[in-house]
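What follows is a single structure, written as structure tokens, with notes after it.
Quick note on labels: first sequence line is chain A, next is B, and so on, each numbered from 1.
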2 protein chains.
Amino acid sequence: MANKIADLNRYIAKKGLKVTRQREAVAEVFFAEKGHISAEELYMKVAKSHPGIGLTTVYRTLKLLTEAGLAKERRFGEPQGVYEKEDEDRHHDHLICTRCGKIVEFKEPSIEEMQEDVARRYGFVVTDHKMELYGLCRTCSTA
Amino acid sequence: MANKIADLNRYIAKKGLKVTRQREAVAEVFFAEKGHISAEELYMKVAKSHPGIGLTTVYRTLKLLTEAGLAKERRFGEPQGVYEKEDEDRHHDHLICTRCGKIVEFKEPSIEEMQEDVARRYGFVVTDHKMELYGLCRTCSTA
DNA sequence: TTATCTGCAAACCCTTTGCATTTAA
DNA sequence: TTAAATGCAAAGGGTTTGCAGATAA
């Protein structure tokens with residue numbers, strides 16, 4: 001996490017931008033998140049520890065993090081975007097409960113191999129993918 | 001296609017709604033589409049053959065088609081939604097070229113089996129899924 | 001010093017809603 | 001006749017942008 005902030009600052013320096021307390025505050029809270037978070041949610045969390053930071057700045061910082069390759073914007077079928085950390089390690093996919101909204105992340109290398117396979121058949125070179133499985137989680141399907 | 005319109009009219013009748021020339025026009029153009037189309041694009045296509053139909057009506061008809069199970073709303077990482085026909089036959093997924101924007105639909109039953117498998121391991125019952133593979137199509141990767 | 005950053009408000013895009021009028025049944 | 005549908009304009013979310021003042025370098 002500390003190194004994530006360092007990565008960000010390195011990117012900022014390279015671009016001739018500035019390290020500000022707002023950017024550090026937003027990045028800190030963002031990197032402390034486990035899953036995905038919307039701009040609005042992040043804004044509210046940041047406000048607790050660093051009041052006075054505007055929603056606009058949160059949006060701008062998320063965009064910066066995305067450009068720096070440290071965050072990724074996603075959309076789970078809704079107009080509102082959410083952001084998640086762009087990890088160095090393997091790509092993950094999502095299981096989404098349509099009743100309670102719970103989102104579980106998972107990885108499945110064998111599926112990814114098949115994806116490459118399919119893409120090859122259509123002449124595509126895959127650079128990224130998204131897979132979302134919708135359904136009911138254990139709690140909701142037995143309730 | 002004619003039977004799709006019939007399906008829609010059946011749904012309309014069941015709900016005590018009305019068959020209007022606007023609804024028929026929008027549905028006709030929508031069902032004639034091969035892939036996905038945004039509300040705006042559909043509105044413009046409909047305008048060519050049936051001028052005077054409002055964008056609002058297009059949105060309302062798309063919502064109706066979705067309720068009737070004849071259309072499905074999707075979002076490919078952008079705020080703007082697109083609609084596609086909800087076919088009776090197998091679910092399909094998408095290959096998306098990040099350079100030229102081309103979208104190819106494909107089906108891969110073996111991947112779907114694996115998805116069920118993964119979900120089961122997490123206690124989920126899958127009702128739907130989305131899979132999008134991003135990359136370069138043949139034309140773009142060799143250009 | 002000075003180019004970047006901030007917060008606010010206003011603008012923006014996409015979609016939905018309120019309302020008076022029209023229309024299918 | 002009458003409940004539903006239409007088109008317009010206005011409102012609604014979520015996100016971006018213009019700008020004057022604040023701030024890191």
Side-chain angles (χ1 to χ4, degrees), chain A residues 5-6 8-30 36-47 49-68 71-84, chain B residues 5 8-30 36-47 49-68 71-83:
Chain A
I5 299 273
L8 174 60
N9 290 344
R10 213 167 295 128
Y11 180 81
I12 286 176
K14 196 176 64 182
K15 286 276 186 174
L17 308 178
K18 294 172 181 176
V19 176
T20 65
R21 62 184 185 81
Q22 287 93 333
R23 298 227 246 239
E24 290 201 305
V26 174
E28 192 184 308
V29 177
F30 176 72
H36 356 70
I37 191 167
S38 69
E40 188 75 33
E41 288 165 344
L42 182 54
Y43 166 65
M44 297 205 288
K45 285 205 179 183
V46 169
S49 45
H50 304 74
I53 292 180
L55 177 57
T56 305
T57 297
V58 172
Y59 273 107
R60 286 194 274 230
T61 304
L62 283 169
K63 177 171 279 184
L64 183 66
L65 287 166
T66 303
E67 286 166 16
K72 192 160 198 183
E73 188 178 5
R74 300 187 110 284
R75 234 171 262 282
F76 294 112
E78 271 152 49
Q80 186 180 57
V82 293
Y83 294 81
E84 64 184 22
Chain B
I5 298 274
L8 174 60
N9 290 345
R10 212 167 295 127
Y11 180 80
I12 286 177
K14 195 176 64 182
K15 286 276 183 172
L17 308 179
K18 295 171 180 176
V19 176
T20 64
R21 60 183 186 81
Q22 288 93 332
R23 297 228 248 239
E24 291 201 304
V26 173
E28 191 184 309
V29 177
F30 176 73
H36 357 70
I37 190 166
S38 69
E40 188 76 33
E41 289 165 343
L42 182 53
Y43 166 65
M44 297 206 287
K45 284 204 181 184
V46 169
S49 45
H50 304 74
I53 292 180
L55 178 56
T56 305
T57 297
V58 172
Y59 272 107
R60 286 195 272 229
T61 304
L62 282 170
K63 177 170 279 182
L64 182 68
L65 287 166
T66 303
E67 285 166 16
K72 192 161 199 186
E73 187 178 5
R74 299 186 110 285
R75 233 170 264 275
F76 294 112
E78 271 151 48
Q80 187 179 56
V82 293
Y83 294 81

If you compare all heavy atoms of [X] against all heavy atoms of [Y], which two are closest, and at what distance to 0.1 Å?
{"X": "A/Ala25", "Y": "A/Ile53", "result": "CB-CD1, 3.8 Å"}
{"X": "A/Tyr43", "Y": "A/Gly54", "result": "CE1-C, 3.7 Å"}
{"X": "B/Thr66", "Y": "B/Leu62", "result": "OG1-O, 2.7 Å"}

Nearest-Å distance, [atom1] ([X]) to [atom2] ([N])?
{"X": "A/Glu24", "N": "C/dT6", "atom1": "CD", "atom2": "P", "answer": "11 Å"}
{"X": "B/Glu40", "N": "C/dC13", "atom1": "CD", "atom2": "C1'", "answer": "10 Å"}
{"X": "A/Lys14", "N": "C/dT4", "atom1": "NZ", "atom2": "C1'", "answer": "18 Å"}
{"X": "A/Lys18", "N": "C/dT4", "atom1": "NZ", "atom2": "C1'", "answer": "4 Å"}
{"X": "B/Leu62", "N": "C/dC14", "atom1": "CG", "atom2": "P", "answer": "15 Å"}
{"X": "B/Leu42", "N": "C/dT15", "atom1": "CG", "atom2": "C1'", "answer": "15 Å"}
{"X": "A/Glu73", "N": "D/dG14", "atom1": "CD", "atom2": "P", "answer": "14 Å"}
{"X": "A/Asn9", "N": "D/dA24", "atom1": "CG", "atom2": "P", "answer": "13 Å"}

[X] vs [N]: side-chain N/O to OP1/OP2 distance below 4.0 Å:
{"X": "A/Tyr59", "N": "D/dT16", "answer": "no"}
{"X": "B/Gln22", "N": "C/dA24", "answer": "no"}
{"X": "B/Thr57", "N": "D/dG7", "answer": "yes"}

- Message: Measuring only between side-chain heavy atoms, which start at C-beta, is A/Ile37 closer than 4.5 Å to A/Lys45?
- Response: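 Yes, side chains in contact.
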- Return the 5'-most residue of the pair B/Lys63, A/Leu55 with respect to DNA chain C, ranking by each residue's nearest nucleotide.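 Taking each residue's closest nucleotide, the earlier one in sequence belongs to A/Leu55.
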- Item | First encountered from the 5' end of DNA chain C, between A/Ile53 and B/Thr20 |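 The residue mapped nearer the 5' terminus is A/Ile53.
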- Is there a donor-acceptor pair closer than 3.5 Å between any side-chain N or O of A/Arg75 and the backbone N or O of A/Pro79?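 Checked: pair present.
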- Message: Does A/Arg75 contact D/dG14 through a side-chain donor or acceptor facing the base, at a distance under 3.5 Å?
- Response: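 By the distance-only test, no, there is no pair.
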- Item | B/Arg60, nearest nucleotide to its side chain (from D/dA24, C/dG7, C/dG18) |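 Between D/dA24, C/dG7, C/dG18, the one nearest the side chain of B/Arg60 would be C/dG18.
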- Closer to the 5' end of DNA chain D via nearest nucleotide, is it B/Val58 or B/Lys15?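 Checking each residue's closest nucleotide, the 5'-ward one belongs to B/Lys15.
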- Looking for any heavy atom pair under 4.0 Å, which part of the strands does B/Thr56 touch: base, sugar-phosphate only, or nothing?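 Result for B/Thr56 = base.
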